[in-house]
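I have placed the structure first, in the form of structure tokens, so that the comments after it can refer back to it.
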Amino acid sequence: MVNGPVDRVFDIACDMVGSLAHISHENTNPGVVAVETRPPPDFYYKTVRDFCTIEEAIAILEATGARYKGFKNGRGLIGATAAVCSVLPDRTFEYLAYRKPDAFGTPRSVDRHSLSDAETSTFPHTWDTFDIENNCVVCVPHTPDPVLFGVRGESPSWVALARMQVDSEPTEIEQIFVTNQGTDAHLVEGEIGSLTEGFSYRVTGTVCAFAQSGIGGHVLIEIGDGDQKVRCMAYEPTKGFRNIIRALWPGDRVLVTGSYKGGSINLEKICILTLSPAMTKRPPVCPSCGARMTSAGAQKGYKCRKCGARTKDPQVTFHDRTITPGWYEVPPIARRHLAKPLCRGP
Ligand code: ZN
């Protein structure tokens with residue numbers, strides 16, 4: 001076989017992975033894939049929206065004539081195959097700063113005020129560096145990996161501009177990557193009553209009842225479509241977003257996005273399409289004697305137990321709404337990588 005550019009790239013990548021990966025860690029199972037021409041994007045969409053196996057990845061690689069190597073259990077071949085298959089109709093950028101090897105495993109030193117300043121001065125062109133509302137650093141991982149921090153944004157120049165403002169420990173290398181983060185690439189259109197476990201959806205429905213707050217701070221609300229209902233959850237880490245859910249009224253029309261797990265949609269965003277009139281009904285005051293009337297039975301209106309008067313209509317009270325139609329999202333600290341932040345548009 002001629003040792004062409006694909007072979008050279010493949011050999012270099014395999015050497016790098018072999019020498020740098022912490023291969024002894026049980027969850028480290030890298031994969032390296034090099035192709036001459038991009039395979040169809042179907043496998044990429046399957047990895048972000050569905051479930052995939054190593055065997056499926058290998059079948060595509062064999063059919064494409066790719067060079068590939070799976071280390072240990074080969075699980076990394078799924079991501080590597082998805083990467084070479086990927087098409088990014090929408091795309092974002094991430095500026096990754098990597099630690100010096102001698103710092104691996106030690107606490108990261110990144111000045112939080114500089115991160116807050118970087119967020120403030122470059123938002124909405126960058127996002128999820130610092131959660132201003134919750135006063136919390138978002139872009140610095142807590143896992144023992146070599147990444148010091150990552151800045152996500154619309155363009156290489158915006159992420160670089162934000163990075164310039166960050167004060168930190170010295171870095172080994174820095175690199176800007178094209179990504180599918182913040183693009184909602186994982187979402188598919190869904191219908192209440194026919195959702196599949198593990199998929200992430202965009203679903204429209206009507207609020208069935210007021211939200212319930214549970215132990216641990218989660219908020220649960222049911223939305224329905226016809227006879228079908230689905231539970232939607234806003235967990236404690238979604239902080240102030242839960243107040244939006246608590247402010248919903250039965251009858252509000254909403255579009256929600258999130259992953260469907262354990263029979264619930266874990267909310268990422270909600271669009272309030274229309275607000276219900278938000279009215280409550282109670283028996284009226286008797287027009288004759290002024291006493292509070294009582295129900296005369298289903299569909300029978302109201303009667304006065306004092307003077308016997310009857311009336312059809314209840315007393316209706318309209319309530320002020322504290323929310324307005326439009327989009328709402330979980331805060332940066334609770335956002336999944338693929339979820340598109342509202343600063344990029346709905
Ligand atoms: Zn009366």
Side-chain angles (χ1 to χ4, degrees), residues 133 189-195 201-258 260 262-331 334 342 346:
E133 191 181 322
E189 301 299 322
E191 268 183 42
I192 298 172
S194 55
L195 304 177
Y201 288 105
R202 216 180 258 115
V203 174
T204 303
T206 303
V207 174
C208 301
F210 287 108
Q212 301 166 39
S213 296
I215 323 162
H218 68 260
V219 172
L220 177 165
I221 198 155
E222 277 194 318
I223 66 171
D225 186 10
D227 298 337
Q228 306 288 336
K229 286 181 184 178
V230 67
R231 196 166 59 220
C232 300
M233 304 295 294
Y235 288 100
E236 193 280 332
T238 66
K239 304 292 178 191
F241 177 74
R242 294 172 298 168
N243 293 331
I244 304 300
I245 307 306
R246 290 187 182 107
L248 292 168
W249 269 69
D252 288 347
R253 288 283 294 166
V254 295
L255 187 166
V256 303
T257 71
Y260 182 66
S264 305
I265 294 175
N266 297 320
L267 295 173
E268 292 170 6
K269 285 185 284 195
I270 186 167
C271 181
I272 301 170
L273 302 168
T274 56
L275 293 172
S276 76
M279 57 181 189
T280 48
K281 296 174 183 176
R282 61 187 291 212
V285 168
C286 174
S288 307
C289 74
R292 181 67 61 185
M293 301 177 88
T294 54
S295 173
Q299 312 290 324
K300 287 182 181 164
Y302 302 90
K303 69 180 177 193
C304 179
R305 294 197 182 278
K306 204 167 159 191
C307 74
R310 286 180 168 269
T311 182
K312 244 174 57 190
D313 299 322
Q315 177 182 321
V316 174
T317 308
F318 289 93
H319 298 265
D320 288 339
R321 298 303 303 267
T322 53
I323 45 173
T324 51
W327 281 95
Y328 300 87
E329 64 187 340
V330 302
L342 291 178

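For ligands, and for the atoms within them, numbers begin at 1 and follow the listed sequence. Residues take their numbers from the sequence shown, with the count starting at 1. Side-chain atoms are counted along with the backbone in the values below, which use heavy atoms only and exclude waters and symmetry mates.
Neighbouring protein atoms of the Zn ion (ligand 1) (N, O or S, distance under 2.8 Å, waters ignored): C286 SG, C289 SG, C304 SG, C307 SG.
Sorted by first and then second residue, the salt bridge (Lys or Arg N to Asp or Glu O under 4.0 Å) pairs with a member in residues 289-313 form an empty list; sequence neighbours excluded.
Residues forming a side chain to side chain donor-acceptor pair (under 3.5 Å) with S295 (at least two apart in sequence, or on another chain): none.
Looking at P346 and C271, their side chains never come closer than 4.5 Å, going by heavy atoms from C-beta outward. Counting only heavy atoms from C-beta outward, the side chains of T204 and D225 never approach each other to under 4.5 Å.
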Expected list for residues 227-240: side-chain donor-acceptor pairs under 3.5 angstrom, two or more places apart:
unit_1	atom_1	unit_2	atom_2	d
R231	NE	S264	OG	2.9
R231	NH2	G262	O	3.2
R231	NH2	S264	OG	3.1
E236	OE2	K239	NZ	2.7
T238	OG1	Y235	O	2.6

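To the nearest 0.5 Å, atom CD1 of residue I221 and atom CD1 of residue I265 are 12.0 Å apart.
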